[in-house]
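Input: a single structure, listed below in C-alpha cells.
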Amino acid sequence: MSRTRDYRKAGEELYCIMIEKRKDGESVKLDMSGVEAIPSLMLNPCVGRYIDEYGLDELRRNLSFANILKSQALRFKDYIQHYKPLSVM
C-alpha cells in the first residue's frame, strides 16, 4: 500500500472513531507521541470532513491532544485556518 493511501486510510479510520465517540457523547483525545508527520492527506478525510459535517466549534469541543509538539499544534492551527469547506471549493 502506498504511503498516500496509508495516510488517507488513517484519516478515514480516525474520522470513524471520532463519529463513534460523538454518538456516545464522548470526546477524542489524540496522543501525538511518536507522530512525525501530519499530512493533509490524513487531515482532509478526518478533520476536514468533520468540519464539513459538524462545524469547527463542534471539532474544538470534541477533539483535544496530549503530548503535542508546538510544531504539530501549529500544523493543526494552520490547517484549520486555511480550510475551505467542500461546498466552497
Side-chain angles (χ1 to χ4, degrees):
M1 190 180 290
S2 72
R3 188 169 256 197
T4 298
R5 191 186 232 163
D6 289 344
Y7 286 133
R8 189 172 293 126
K9 183 174 171 135
E12 290 167 356
E13 290 173 0
L14 180 55
Y15 174 81
C16 290
I17 291 168
M18 290 173 67
I19 296 306
E20 284 304 311
K21 292 285 189 180
R22 184 178 188 274
K23 286 179 186 174
D24 294 339
E26 300 175 28
S27 61
V28 173
K29 187 170 195 171
L30 297 178
D31 185 344
M32 301 301 288
S33 298
V35 175
E36 295 177 16
I38 309 170
S40 293
L41 288 169
M42 191 214 64
L43 292 173
N44 288 337
C46 176
V47 175
R49 183 175 174 191
Y50 196 94
I51 293 170
D52 286 344
E53 294 183 13
Y54 301 102
L56 183 55
D57 289 338
E58 184 76 11
L59 177 74
R60 287 183 173 139
R61 279 192 295 275
N62 290 305
L63 181 63
S64 62
F65 301 92
N67 303 309
I68 190 167
L69 300 173
K70 184 176 181 179
S71 61
Q72 294 168 329
L74 291 172
R75 171 70 177 115
F76 274 102
K77 182 179 178 183
D78 183 63
Y79 178 85
I80 290 169
Q81 285 178 337
H82 293 95
Y83 183 75
K84 291 185 179 26
L86 292 176
S87 60
V88 175
M89 296 176 104

From [X] [atom1] over to [Y] [atom2], what is the distance, rounded to the nearest 0.5 angstrom?
X: Ile19; Y: Asp24; atom1: CD1; atom2: CG; answer: 11.5 Å
X: Asn67; Y: Asp31; atom1: CG; atom2: CG; answer: 4.5 Å
X: Glu53; Y: Tyr15; atom1: CD; atom2: OH; answer: 3.0 Å
X: Asp6; Y: Glu13; atom1: CG; atom2: CD; answer: 9.5 Å
X: Lys77; Y: Gln72; atom1: NZ; atom2: CD; answer: 15.5 Å
X: Glu58; Y: Asn62; atom1: CD; atom2: CG; answer: 4.5 Å

Examine distances only and state if a side-chain atom of Tyr50 and a backbone atom of Gly55 form a donor-acceptor pair shorter than 3.5 Å. no

Any donor-acceptor pair under 3.5 Å linking the side chain of Arg75 with the backbone of Ile38? yes

In the single-linkage hydrophobic clustering (I, L, V, M, F, W, Y; side-chain heavy atoms under 4.5 Å), do [X] and [Y] co-cluster?
X: Met32; Y: Leu69; value: no
X: Leu74; Y: Val35; value: no
X: Val47; Y: Ile17; value: no

Glu12 versus Tyr7, side-chain donor and acceptor atoms under 3.5 Å: no

With distance as the sole criterion, is a donor-acceptor pair present between the side chains of Asn44 and Tyr79 under 3.5 Å?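 There is such a pair (donor and acceptor under 3.5 Å, judged by atom type) between the side chains of Asn44 and Tyr79.
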
Can you name the closest pair of heavy atoms from [X] and [Y] and give their distance?
X: Pro85; Y: Asp52; value: CA-OD1, 3.2 Å
X: Gly11; Y: Cys46; value: O-CB, 3.2 Å
X: Ser40; Y: Pro45; value: O-CD, 4.3 Å
X: Phe65; Y: Lys29; value: O-CE, 3.8 Å

Pair Arg22 + Glu26: basic N to acidic O under 4.0 Å: no

Any heavy-atom pair between the side chains of Asp57 and Arg60 that's under 4.5 Å? yes

Evaluate the criterion side-chain contact (heavy atoms from CB on, under 4.5 Å) for residue pair Leu59 and Tyr54; output intermediate values, then yes/no. CA-CA 7 Å; Leu59 177 74; Tyr54 301 102; over 6 Å; no

